[in-house]
Amino acid sequence: MQMTEDLIRSVVQQVLSQMGNGDAPTNGTTRVRPSGTFGVYPTADAAVQAAEAAFRAFRVRPLEDRRKAVEIIRNICVEQAEELGRMELEETKIGRLDHKIIKLKVALTKVPGVEYLRTENVSGDDGLTLTDFAPFGVIGAITPVTHSLPTLAGNAINMLAAGNTVVVNAHPSGAKVAAEGVRRFNKAIAQAIGIDDLITIIDPPTLESAAALFDHKGVRLLVVTGGPAVARAALASKRRAIVAGPGNPPVVVDATACLENAAKSIIEGGSFDNNLLCIGEKQVFAVADIFDKLMDAVGRHGGFRLNPQQIDTLTKVAFKPGDDGALHLNKDLVGLDAAVLGKYAGVEVPKGTQIVFGETGADHPYVENEQMMPFIPFVRVPNVDRAIELAKKSEHGYGHTAMLHSRDTSVMSKMGKAMDCTVFVVNGPSSAGLGLGGEGVLSFSIAGPTGEGVTTPLTFCRQRRTAIVGGMRFV
Ligand code: NAD
């Protein structure tokens, strides 16, 4: 009987969905829903309405449909990684093609799905109590230019696995690839389970459309991934917000570290997509005992060392004085190749160079700012306590990510406590903190300011308890 009802409901929804109207508007307005748009809408209101209708259809579907939707997003990212990665690079003009492909092909396979939602239970003399994980409804997501489609896809996997639908306001400079991804995901999902618009996107996105999404009554939860301005705006919003904000991850290297591993790790993490990742190694504090040896090792593993004059030349292009007199990051240099940074520094670097690097003071603009480019400043410090102190200062209290290279467990504890970061990686590249070469799941939204950490499907759930009194204990 149950099977038959489910089947009928599913067929009805499929037919309604294919007619281009899976549900009627509830607020008396006419829904803007041109057929064949597959999730792309011109306004926040239209996108939210479509996502609300999709949620009403999705919430009564079996878990198997969520699994199918999540698998479709993953498969499209993996199978079309080269095409979509190229599209993202051509549009945003920042980062590296090889790493854009890895983000879609490898990283997204580490984002957990429906299997992550395990009902918790307590069974005792008084009965059985279950804690289930239920969806919120429509989630509003703001995504960054640094990983436009990967963040959208990662958020969508987590959120749909949890049973929600999502409306995205992408960064204007990565909006085309984001909209193309949404079209492809929805088209395939609609074909597989008969519901369109599980993911909708506002095209074109603007600050006004982001504000409209922040304030829309149909949005139950906001998830914001970006820099300081949008993080502040989200924290000030009336709506509940999960905020994945900026970082400026420092690395500390002490005298007990394996210098070969430290050098390789700093290069691997700091060169990934030309250091666009919020977790990427941005500045290094190394103790004087091993400083020169570490610099040699970085040079041997793909780094090209700039001399002080070359660093000055590069810095004058990378940071410009603003009206407030302070130096500000020149965004035109964000995400450029090491070879291009070399040219700005006045030097031709060898082919295959992964990062440019050099020695600076602790108050250098490259140390103090989240530069998001593959020049890494190394600061010589007298001892590990001073290294940790300066690392903490350079992180500005974001509490985002920090790395340590040391074999001394007391230093590990000391730095872990002092930094108080969401992600702390010991003896590996930053990417190990997201399950790439380290244990654990991956997300492109690491919610430090609001405390959810590396986001998972559980981040996007409401906990619901059911207590069955006096029965259902089987042992
Ligand atoms: P950004 O802050 O310029 O833009 C992020 C998003 O916010 C974009 O969609 C943009 O259009 C929107 N936005 C910006 N200001 C806004 C405002 N006042 N109101 C509403 N929306 C606004 O950042 P970006 O250059 O795209 O991305 C890089 C930044 O994001 C870095 O600071 C990086 O550390 C951070 N980031 C953090 C994480 C994380 O997981 N914590 C992940 C990726 C990137």
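All of these numbers come straight from a predicted model, not from anything done at the bench.
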>> Is the ring pair F291/F378 parallel, tilted or perpendicular, if the boundaries are 30 and 60 degrees?
In response: perpendicular

> Between K282 and M372, does a side chain to side chain contact (heavy atoms under 4.5 Å, CB included) hold up when you go through it step by step?
Replying inline: CA-CA 7 Å; K282 298 290 189 295; M372 293 185 281; 4.1 Å; yes

> Only one of K100, K176, H171 clears side chain to side chain contact (heavy atoms under 4.5 Å, CB included) with T92; which?
Replying inline: K100

> What heavy-atom pair brings S406 and T256 nearest, and what distance separates the two atoms?
Replying inline: OG-OG1, 3.3 Å

> Picking from I242, I142, V166, what satisfies side chain to side chain contact (heavy atoms under 4.5 Å, CB included) with V223?
Replying inline: I242

>> Looking only at the side chains, is there a donor atom on one of T143 and T225 sitting less than 3.5 Å from an acceptor on the other?
In response: no

>> Between Y41 and D197, do the side chains contain a donor N or O and an acceptor N or O under 3.5 Å apart?
In response: yes

> Salt-bridged, K414 to D385, with N to O below 4.0 Å?
Replying inline: yes

> Just by modelled atom types, is the P205 backbone N or O under 3.5 Å from a matching donor or acceptor in the S209 side chain?
Replying inline: no

>> Return the CE to OG distance between M87 and S148, rounded to the nearest 0.5 Å.
In response: 12.0 Å

>> Could you report the tightest heavy-atom contact between L277 and K103, atom names first, then the distance?
In response: CD1-NZ, 4.3 Å

>> Could you report the tightest heavy-atom contact between F185 and L152, atom names first, then the distance?
In response: CE1-CD2, 3.9 Å

> About how many Å separate CZ of R380 and CG of L294, when rounded to the nearest 0.5 Å?
Replying inline: 10.5 Å

>> Please determine whether side chain to side chain contact (heavy atoms under 4.5 Å, CB included) holds for the pair F272 and I102, giving the CA-CA distance in whole Å, both sets of side-chain angles, and the decisive distance to 0.1 Å.
In response: CA-CA 10 Å; F272 192 77; I102 289 176; 4.1 Å; yes

> Between R66 and P135, which heavy-atom pair has the shortest distance, and what is it?
Replying inline: NH2-CD, 4.3 Å

Show me the side-chain donor-acceptor pairs of residues 210-218 shorter than 3.5 Å, one per line, residues at least two apart or across chains.
{"unit_1": "H216", "atom_1": "ND1", "unit_2": "G218", "atom_2": "N", "d": "2.9"}
{"unit_1": "H216", "atom_1": "NE2", "unit_2": "D45", "atom_2": "OD1", "d": "2.7"}

> Is R386 paired with E389 through a side-chain N to carboxylate O contact shorter than 4.0 Å?
Replying inline: yes

>> Side chains of H301 and E260 only: does a donor on one sit below 3.5 Å from an acceptor on the other?
In response: yes

>> For a quick check under 3.5 Å, do S394 and Q283 share a side-chain donor-acceptor pair by atom type?
In response: yes

> Is the H396 ring parallel, tilted or perpendicular to the Y398 ring (thresholds 30°, 60°)?
Replying inline: perpendicular

>> Counting neighbours of CD on E115 that are heavy atoms of other residues, nucleotides or ligands and sit closer than 6.0 Å, is the number greater than 12?
In response: yes

>> Tell me the closest heavy-atom pair linking P374 and Q354, and the distance in Å.
In response: CB-O, 3.9 Å

> Within a reach of under 6.0 Å around CZ of R462, are more than 12 heavy atoms found that belong to other residues, nucleotides or ligands?
Replying inline: yes

> Taking atom NZ of K293 as the centre, does the number of heavy atoms from other residues, nucleotides or ligands within less than 6.0 Å exceed 12?
Replying inline: no

>> Closer than 4.0 angstrom, basic N to acidic O: yes or no for R184 and E83?
In response: yes

> L333 and F375: side chain to side chain contact (heavy atoms under 4.5 Å, CB included), yes or no, with the steps?
Replying inline: CA-CA 11 Å; L333 267 70; F375 170 78; over 6 Å; no

> Would one find more than 12 heavy atoms of other residues, nucleotides or ligands at under 6.0 Å from atom OH of Y366?
Replying inline: yes

> Do you know the tightest heavy-atom contact between I157 and I73?
Replying inline: CG1-CG2, 3.8 Å

> For S445, which of T459, N155, T151, N158 qualifies under side chain to side chain donor-acceptor pair (under 3.5 Å)?
Replying inline: N155

>> Nearest 0.5 angstrom please: H147 NE2 to H99 NE2, how far?
In response: 13.0 Å

> Below 4.0 angstrom, N of the basic side chain to O of the carboxylate: do R86 and E90 qualify?
Replying inline: no

> Roughly how far apart are L404 CG and S265 OG, rounded to 0.5 Å?
Replying inline: 11.0 Å

